[in-house]
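The shown structure was predicted, so the numbers you read here are calculated from the model rather than taken from an experiment. Below, each value reflects all heavy atoms present in this structure, side chains not excepted, and no hydrogens, waters or symmetry copies. Sequence positions, counted from 1, serve as the residue numbers for this chain.
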Amino acid sequence: MNKVRDQYEAFPYPERDPRDEKKRLITGSPSLPQEIDHYVFGGQRDWSQPLRILVAGGGTGDGLIQLTTLLTQYGKPFEATYIDLSTASRKVAEARAKARGLNSITFVTGSLLDAGDHGPFDYIDCCGVLHHLPDPDAGFSALRAALAPGGGMGFMVYAPYGRSGVYPLQEAFAALYSDSPPKDRLKAAKKVVESLPAGHPFKSNPNLNDHKSGDAGFYDLLLHSTDRAYDVQSLTDTLDRTGWSFAGFTVPILYDLARLAPVPAGMDPVAAMAVAEKLNGTIRTHTGYATDRPRPVASGKTRTLVPHLKGVPPAQLARAVAQGQAPALDTDGITGKLALPRQAAALLAAVDGRRSLQEIAGHAGLDPITFGGLWSQVEKALLPWGILLYSNVLR
């Protein structure tokens, strides 16, 4: 772990300036409160109870700052623990939290393998970390042991096919520069990358951008000393082997084989997702959720749930649907169009993060059967793209 710690001491990742907290809040999956509720708690968590949070391998603080800022804005109680090996990364995360006036956060310099010493936790954020451990299974197991009953984890791990060209370069640079200090490795590797032939898989891979974001991004992508990728099958096998139950990926359409080819009768759902991953070839990371035991993900069958639209203003989408438009969608190179009946516009316009499905139906003046038929079309269109979530966090 010394090389990993040395890397992040020299190049805290991702590069963040605490002064930027006055200008923006960086958001994304995992660890949006609505997304956590949807995948981990069935959309029905009692948010009046403090959420005990662990941010494992928190780096410069993106997951920590996002989750604690939003919960603070929503007026929901929490107790957060941040843990990371790098003191330089921790310093950035602490400065970002201070800039936002965030409280109820404990900062720890250490290994996530010791997470159980600080728990238990209702929710664990582990984004971009487990694939950097010498023994990733030990990390998955340690986090599972730190989880409170009924809790879950939001994770991100690298995927192989969208990172084409990365691993040969990592191996080559390890052979050439493994004994050099981090900054010398960076300088030498940058020169090599500039001279790579145009046909090299790395240079022809449009999915890769981290190396363009700065020194820390370049180093993390191409010079990391401990890095492995998980395909769908190996990821789900690892979760199962270490005591986790896979809850779902945040953008299910990326793993939908039926969109790409006929699904053989009787094919296992995980096997189907694994084939879809190979046919897509663009997935760089797997982002999703896991829980302590199998449980249903939130769905509109429960009319007391509160719907949210992620990344799409409800009023804007409602106007487009009312006008008969089919807005274009794009994620990881997968494109599509959102086609909904005009009658669904009134339902979308009523989505405010506070009204339940029952209340939306009443607001629209629809009987249960009519509402159910329309909402099922909304759900079928939006859920695969990760746009629709259920949570009562704003109530």
Side-chain angles (χ1 to χ4, degrees), residues 27-49 51-53 55 63 66-71 73-74 76 78 121-127 147-156 236 239 244-256 269 273 285-314 317 329 331 338 347-348 350-360 375-395:
T27 60
S29 300
S31 297
L32 290 166
Q34 294 87 343
E35 206 173 71
I36 295 169
D37 204 352
H38 179 92
Y39 283 98
V40 176
F41 302 112
Q44 302 180 74
R45 185 178 192 276
D46 179 2
W47 291 93
S48 68
Q49 299 301 309
L51 182 70
R52 296 170 295 178
I53 303 163
V55 182
Q66 169 184 271
L67 183 50
T68 57
T69 295
L70 291 175
L71 290 178
Q73 290 177 359
Y74 300 159
K76 305 303 179 182
F78 64 85
F121 301 97
D122 304 308
Y123 176 70
I124 297 172
D125 170 289
C126 194
C127 188
L147 191 70
M153 170 176 68
F155 63 82
M156 184 278 276
T236 55
L239 289 169
W244 292 96
S245 177
F246 174 64
F249 293 119
T250 58
V251 187
I253 199 166
L254 294 174
Y255 305 87
D256 183 5
M273 288 193 294
T285 61
H286 297 302
T287 304
Y289 289 85
T291 52
D292 62 336
R293 62 183 184 276
R295 67 181 74 131
V297 173
S299 82
K301 294 178 181 179
T302 304
R303 294 290 195 255
T304 56
L305 295 186
V306 178
H308 298 252
L309 298 188
K310 174 187 169 186
V312 179
L317 180 57
L329 300 171
T331 181
L338 187 60
L347 307 186
L348 294 169
V351 173
D352 62 358
R354 291 175 172 81
R355 292 189 182 101
S356 70
L357 293 174
Q358 285 178 337
E359 292 165 338
I360 290 174
W375 191 257
S376 66
Q377 294 181 67
V378 171
E379 197 170 74
K380 184 178 180 180
L382 299 183
L383 277 179
W385 294 89
I387 295 173
L388 176 62
L389 300 167
Y390 293 104
S391 172
N392 60 7
V393 70
L394 296 183
R395 285 168 73 92

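- Inter-residue side-chain proximity for Thr68 and Val55 is flagged as unmet; no heavy-atom pair is nearer than 4.5 Å.
- Distance alone, capped at 3.5 Å, is enough to place a donor-acceptor pair between the Gln66 side chain and the Ser31 backbone.
- With contacts defined as side-chain heavy-atom distances shorter than 4.5 Å, the pair Leu383/Pro252 does not qualify.
- Within the 4.5 Å cutoff, the side chain of Arg295 has no heavy atoms near those of the Ser245 side chain.
- Side chain of Arg395 to backbone of Arg354: a donor-acceptor contact under 3.5 angstrom is found.
- In this structure, Pro33 and Leu70 approach most closely via the heavy-atom pair CD-CD1, 3.6 Å.
- Remark: the backbone N or O of Glu359 is paired with a side-chain donor or acceptor of Ser356 at under 3.5 angstrom.
- If you take CD1 on Ile36 and CH2 on Trp47, they are separated by 5.5 Å, rounding to the nearest 0.5 Å.
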Before you tell me yes or no, could you show the steps for Gln358 and Thr304 under side chain to side chain contact (heavy atoms under 4.5 Å, CB included), namely the whole-Å CA-CA distance, both residues' side-chain angles and the distance that decides it to 0.1 Å? CA-CA 6 Å; Gln358 285 178 337; Thr304 56; 4.0 Å; yes
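- For the residue pair Pro307 and Ile360, the shortest heavy atom distance occurs at CG-CD1, 3.6 Å.
- Under a 3.5 Å cut-off, the side chain of Asp292 and the backbone N or O of Gly150 do form a donor-acceptor pair.
- If you take CG on Leu347 and CH2 on Trp375, they are separated by 6.5 Å, rounding to the nearest 0.5 Å.
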Apply side chain to side chain contact (heavy atoms under 4.5 Å, CB included) to the pair Phe249 and Leu254, showing each step before the final yes or no. CA-CA 9 Å; Phe249 293 119; Leu254 294 174; over 6 Å; no
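- The distance from the CG atom of Leu389 to the CG atom of Leu305 is 11.5 Å, given to the nearest 0.5 Å.
- Residues Leu338 and Val312 fail the side-chain proximity criterion, which asks for heavy atoms closer than 4.5 Å.
- Without hydrogens or angle criteria, Asp122 side chain to Gly151 main chain gives no donor-acceptor distance under 3.5 Å.
- Residues Pro30 and Tyr123 are in side-chain contact: their nearest non-hydrogen atoms beyond the backbone lie under 4.5 Å apart.
- Nearest heavy-atom pair across Tyr390 and Glu379 is OH-OE2, 2.6 Å.
- Atoms CD and NZ, from Gln49 and Lys76 in turn, are 11.0 Å apart once rounded to the nearest 0.5 Å.
- Lys301 has its side chain out of reach of Pro296: every pair of non-hydrogen atoms, C-beta onward, lies at least 4.5 Å apart.
- How far CH2 of Trp385 is from CG of Asp256: 10.0 Å, rounded to the nearest 0.5 Å.
- If you take CG on Leu309 and CD on Gln34, they are separated by 11.0 Å, rounding to the nearest 0.5 Å.
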Worked check of side chain to side chain contact (heavy atoms under 4.5 Å, CB included) between Asp125 and Ile53: CA-CA 8 Å; Asp125 170 289; Ile53 303 163; 5.5 Å; no
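- With no hydrogens or angles considered, no side-chain donor-acceptor pair links His38 and Tyr289 at under 3.5 Å.
- Checked by atom type and distance alone, the side chain of Asp37 pairs as donor or acceptor with a backbone atom of Gln44 at under 3.5 Å.
- The salt bridge (Lys or Arg N to Asp or Glu O under 4.0 Å) contacts involving residues 380-390 comprise nothing, where partners must be two or more places apart or lie in separate chains.
- Side-chain atoms of Thr250 and Tyr39 include no donor-acceptor pair closer than 3.5 Å.
- Heavy atoms only, all atoms of each residue included: Val306 and His308 are closest at O-CD2, 3.5 Å.
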